[in-house]
Amino acid sequence: MPTPAPHNAETAGPILGLITARGGSKRIPGKNLRIAGGKPLLAWTIEAALQSRLLSRVVLSTDDPQIAAAGRLYGAEVPFLRPAELATDTSAHILCVLDALDRLRDLDGFAPTAVCLLQPTSPLRQACDIDALLTQAAATRPPAMVSVNACTEHPYFARSVSATGELMPFVPQNLAYAREQDLEPACFINGAIYYNTVESLRKHKTFYPEGLRGHLMPRERSLQVDEPFDLHLADLLLSNPMPSTARSTGCENS
């Protein structure tokens, strides 16, 4: 049985670092094992999680034996394989998180107070980003916190397209002449880090409960790999990093 690291005094209890990586990606076949910066995409998230000071364990949940083998190679625990029914295109992600919590409890009695969900599609996210969010969560004690970026294009200027091709305001328009500097700052969830208390997950079964807070991450460490172009961009950035994306547990150049 693995011996969980004791929780850090900065946090309220043990925090599970949970990496989820299924084998059936369609937009980028084999996405989690595709090479970016000389390593499988999955490896970057495992390494960042293992470098965190505040995660008690780093566990990989996958349905795929090849992904499981790669996870073990790079240092993640893989104590079980996820059931196939929780690894489809339509499976609710929350269910695979609850499945992991149940399995760890049954396997070795591990009962964290919170889960930090880390997806391999954010390979530029670093240990310092994880620890900064967890430190903020420990100080403010929300039921959930997610990493966010400032919107580079304000949603006030977004438009939907009507059935006739007309551009329609996506949000209510109440300014005759809108300047971005006059608008309330906006952010979007970047998908890099999801923190939830186990109590909230089990009660509300959502990553976005009432009381959700955000932790601002720099744009240059927030790339999300969803399309082949994103993977190509990740490979370029990881192979030739900017100072603020070079791997560093302290992120001195944030």
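Note that the structure is predicted; figures quoted are calculated from it, not measured. For the single chain, residues carry numbers from 1 onward in sequence order.
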Output the distance between atom [atom1] ([X]) and atom [atom2] ([Y]), rounded to the nearest 0.5 Å.
X: Tyr208; Y: Ile94; atom1: OH; atom2: CD1; value: 10.0 Å
X: Leu98; Y: Leu201; atom1: CG; atom2: CG; value: 6.0 Å
X: Arg27; Y: Asp89; atom1: CZ; atom2: CG; value: 9.5 Å
X: Ser52; Y: Gln126; atom1: OG; atom2: CD; value: 12.5 Å
X: His93; Y: Leu86; atom1: NE2; atom2: CG; value: 10.5 Å
X: Leu216; Y: Ser147; atom1: CG; atom2: OG; value: 9.5 Å

How about [X] and [Y]: do any of their side-chain heavy atoms sit closer than 4.5 Å?
X: Leu18; Y: Ser61; answer: yes
X: Ile130; Y: Arg53; answer: no
X: Leu124; Y: Glu220; answer: no
X: Thr140; Y: Arg213; answer: yes
X: Leu50; Y: Glu47; answer: no
X: Asp63; Y: Pro83; answer: no
X: Pro112; Y: Leu101; answer: yes
X: Met145; Y: Pro142; answer: yes

**Q.** side chain to side chain contact (heavy atoms under 4.5 Å, CB included) between Tyr74 and Leu42, worked out
**A.** CA-CA 9 Å; Tyr74 283 94; Leu42 173 69; over 6 Å; no
Do [X] side-chain atoms and [Y] backbone N/O form a donor-acceptor pair below 3.5 Å?
X: Ser200; Y: Asn196; result: no
X: Asn32; Y: Arg22; result: yes
X: Trp44; Y: Thr121; result: no
X: Asn240; Y: Leu237; result: no
X: Ser162; Y: Glu166; result: yes
X: Arg221; Y: Arg125; result: no
X: Arg103; Y: Leu107; result: no
X: Asn149; Y: Asn190; result: no
X: Gln119; Y: Leu117; result: no

Could you pull out the closest heavy-atom pair between [X] and [Y], with the gap in Å?
X: Ala234; Y: Val225; value: CB-CG2, 4.0 Å
X: Ser239; Y: Gly37; value: OG-CA, 3.4 Å
X: Ala150; Y: Phe188; value: O-CE2, 3.7 Å
X: Pro155; Y: Ala186; value: CD-CB, 3.7 Å
X: Ala68; Y: Leu60; value: CA-CD2, 4.2 Å
X: Leu55; Y: Ala49; value: CD1-O, 3.7 Å

Should we say atom [atom1] of [X] is surrounded by more than 12 heavy atoms from elsewhere, each under 6.0 Å from it?
X: Arg159; atom1: CZ; value: yes
X: Gln66; atom1: CD; value: no
X: Gln173; atom1: CD; value: yes
X: Gln181; atom1: CD; value: yes

Indicate if [X] and [Y] have the same hydrophobic cluster label, given that clusters are the connected sets of ILVMFWY residues with side-chain heavy-atom separations under 4.5 angstrom.
X: Leu81; Y: Ile46; answer: no
X: Leu238; Y: Ile35; answer: no
X: Phe170; Y: Tyr156; answer: yes
X: Leu41; Y: Ile67; answer: no
X: Leu134; Y: Ile19; answer: yes

(Q) Using the rule given for side chain to side chain contact (heavy atoms under 4.5 Å, CB included), can you reason through Val198 versus Val115, listing the C-alpha separation, both sets of side-chain angles and the distance that settles it, and then say yes or no? (A) CA-CA 7 Å; Val198 171; Val115 177; 4.1 Å; yes
Q: Verify salt bridge (Lys or Arg N to Asp or Glu O under 4.0 Å) between Lys39 and Asp235, making sure each step is shown before the conclusion.
A: CA-CA 9 Å; Lys39 302 176 188 177; Asp235 183 47; over 6 Å; no
Q) In terms of side-chain geometry, is the basic nitrogen of Lys31 or Asp230 positioned less than 4.0 Å from the acidic oxygen of its partner? A) no
Q: With side chain to side chain contact (heavy atoms under 4.5 Å, CB included) as the test, would you mind laying out the steps for Asp129 and Ile193 before giving the verdict?
A: CA-CA 8 Å; Asp129 298 308; Ile193 310 169; 4.1 Å; yes
Q: Please step through side chain to side chain contact (heavy atoms under 4.5 Å, CB included) for the pair Arg34 and Ile28, ending with a clear verdict.
A: CA-CA 9 Å; Arg34 295 287 290 273; Ile28 307 176; 3.4 Å; yes
(Q) Walk me through whether Thr62 and Arg82 qualify under side chain to side chain donor-acceptor pair (under 3.5 Å). (A) CA-CA 5 Å; Thr62 184; Arg82 193 193 316 173; 5.6 Å; no
Q: Verify side chain to side chain donor-acceptor pair (under 3.5 Å) between His215 and Gln136, making sure each step is shown before the conclusion.
A: CA-CA 8 Å; His215 171 78; Gln136 184 181 346; 2.7 Å; yes
Q: Please confirm whether Arg57 makes a cation-pi placement over Phe110, using NZ or CZ under 6.0 Å from the six-membered ring centre and within 45° of the ring normal.
A: yes
Q: Using the six-membered ring wherever Trp is involved, compare the ring planes of Phe207 and Tyr194 and label them parallel, tilted or perpendicular (cut-offs 30° and 60°).
A: tilted
